[in-house]
Amino acid sequence: MNKKVRVRFAPSPTGGLHLGGVRTVLFNYLFAKKHGGDFILRIEDTDQTRFVPGAEEYIFQTLEWCGLIPDESPKHGGPYAPYRQSERKDMYRQYAEQLIKAGYAYYAFDTPEELEAMRSDFKTAENPSPQYNQFIREKMRNSLTLGEDEVTRLISEGMPYVIRIKMPAGETVSFTDMIRGEVSFQTDQVDDKVLLKADGMPTYHLAVVVDDYLMKISHAFRGEEWLPSAPVHILLWKYLGWEKDMPEWAHLPLILKPDGNGKLSKRDGDRLGFPVFAMDWTDPKTNEKTIGFRERGFLPEAFVNLLAMLGWNDGTDQEIFTMTELIEKFSMDRVHKGGAKFDYEKAKWYNHEWIKQSTAIDLAPFVQQTFATNNIQITEPSFLHKVIDLVKERCTLLSDFTAQSSFFFQSPTEIDIDAIKPKWDDKKNLFFTELIRAYELSSLWEASDLEKEFKELAAANQLKPGELMLPFRIMLVGGKFGPGVFDIAALIGKTETVARIKHTLGLVG
Ligand code: GLU
């Protein structure tokens with residue numbers, strides 16, 4: 001690569017960030033880091049009607065949570081600031097005017113009513129939604145159909161206008177996509193897109209090209225849904241005289257619904273009960289709250305890992321990758337062309353694997369957070385670390401830590417007596433009464449000591465330890481779950497163990 005690698009994620013801040021959006025960030029980031037390049041976050045907010053308060057901050061927080069920190073952005077600054085398109089408004093007009101002068105664009109004065117009339121007047125069975133294109137433009141009010149004086153007069157009188165690209169007739173626009181290979185479009189199929197709007201703001205098409213040029217973007221990676229816009233962008237690069245600086249393109253495959261039928265949407269998540277957004281998002285207009293992967297209990301490392309595997313692999317069977325490994329192994333030519341089906345069970349599998357392989361110290365802040373929302377008080381960090389080590393194998397989501405370990409911090413609020421009662425008898429009662437004694441007198445409190453005493457006492461009472469384990473577990477935990485009983489007893493300590501046995505004996509007796 002001879003150019004310095006500079007890639008960008010260019011979201012329009014209109015709501016929560018879909019996992020496909022975060023995957024676009026990730027692939028940009030990995031490519032930049034692999035090639036010692038820069039990763040830029042540019043906010044594409046030129047459509048003022050779609051402005052959503054809080055959406056930009058949400059993007060920053062998501063990137064921070066995932067550890068995908070931009071080198072340049074509206075927040076981090078950089079040599080090509082500003083990075084928010086609304087703040088670059090004045091830069092775009094000159095390029096639109098330059099295109100008009102060169103004959104590649106034109107002023108269009110059509111009113112909304114005239115455009116509406118065009119859509120109904122030109123509607124036919126073959127063409128149910130006519131577009132402003134090379135066949136229709138001749139019948140509209142624009143600088144191609146009106147005389148020069150008329151155009152000057154309209155502009156000087158303040159008549160609102162837009163600037164449109166003049167799509168050429170009968171041409172083929174081709175480019176090599178890094179994922180798809182050669183892609184071609186017929187210009188006859190593409191309408192004369194608006195480049196500059198009546199409010200003076202550029203549209204996405206103009207702004208994206210101007211900014212990618214001015215910000216020296218070397219590679220433009222974006223979702224497949226932008227592929228139809230590519231011919232317009234490629235022509236603009238050419239018409240503005242920047243063709244030799246044009247970035248290389250890659251259009252990333254869609255993330256599909258679990259059944260593979262179409263693009264995964266937020267509504268699929270609502271319907272099937274899994275998150276689609278990275279983090280919780282509350283729509284400021286409707287107050288509707290959508291759950292995110294973070295709040296559902298995903299580790300950022302797992303989220304990043306599962307996103308990487310949606311449409312990419314390194315050619316081996318390896319599925320668990322750290323960020324460092326991803327940076328080292330990522331390559332665009334191993335990204336698949338076809339859409340990647342989203343499988344929530346598999347997503348949870350990644351999280352489980354990451355929880356298992358993370359250290360207690362790494363997990364502690366996340367666990368503390370889930371505990372805080374459930375009012376579980378943590379007294380000592382070292383105690384918390386021991387608990388995490390004991391239960392992490394059993395936790396698929398971070399939120400599972402609450403159910404799997406709250407009994408370490410507080411006595412169980414409910415005891416599943418019904419699981420003990422049917423097989424309860426005097427012999428067992430005697431055994432546990434003696435166990436209380438034995439444990440009270442015990443000077444050693446390691447799991448292995450407790451187990452030894454327990455088994456010796458069982459043998460002395462001619463009972464099988466197997467029959468006694470379940471009642472003991474229920475006494476300590478409240479139900480039929482949790483790690484090894486002696487590990488639990490060792491950790492909660494003598495006083496608490498004895499108190500819990502006594503409490504259940506009182507209930508069962
Ligand atoms: N603003 C577009 C978006 O919202 C960016 C597309 C591109 O990267 O060119 O995704």
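Indexing begins at 1, ligand by ligand and atom by atom, following the structure's order. Only a predicted model underlies this, so the values are computations on that prediction, with no experimental measurement involved.
Applying the side-chain contact (heavy atoms from CB on, under 4.5 Å) criterion to Ala125, with sequence neighbours excluded, gives no partner residue. For Gln404, the side-chain contact (heavy atoms from CB on, under 4.5 Å) criterion is met by Val391, Arg394, Cys395, Phe481, not counting sequence neighbours.
Taking a 6.0 Å sphere around CD of Gln369, one finds it holds 12 or fewer heavy atoms contributed by other residues, nucleotides or ligands. Residue Arg271 places its CZ atom among more than 12 non-hydrogen atoms of other residues, nucleotides or ligands, all under 6.0 Å distant.
Contact between Leu196 and Ala96 at its shortest, heavy atoms only, is CB-CB, 4.4 Å.
Residue Arg8 places a heavy atom under 4.0 Å from ligand 1.
For atom 1 (N) of ligand 1, the choice among Arg50, Arg42, Glu44 with the nearest heavy atom turns out to be Glu44. Nearest to atom 7 (C) of ligand 1 by heavy atom, out of Phe221, Trp249, Tyr204, Phe9, is Tyr204.
Less than 4.0 angstrom separates some heavy atom of Val208 from each of these atoms of ligand 1: 9 (O).
From the protein, the heavy atom lying nearest to atom 2 (C) of ligand 1 is Ala10 O, 3.2 Å.
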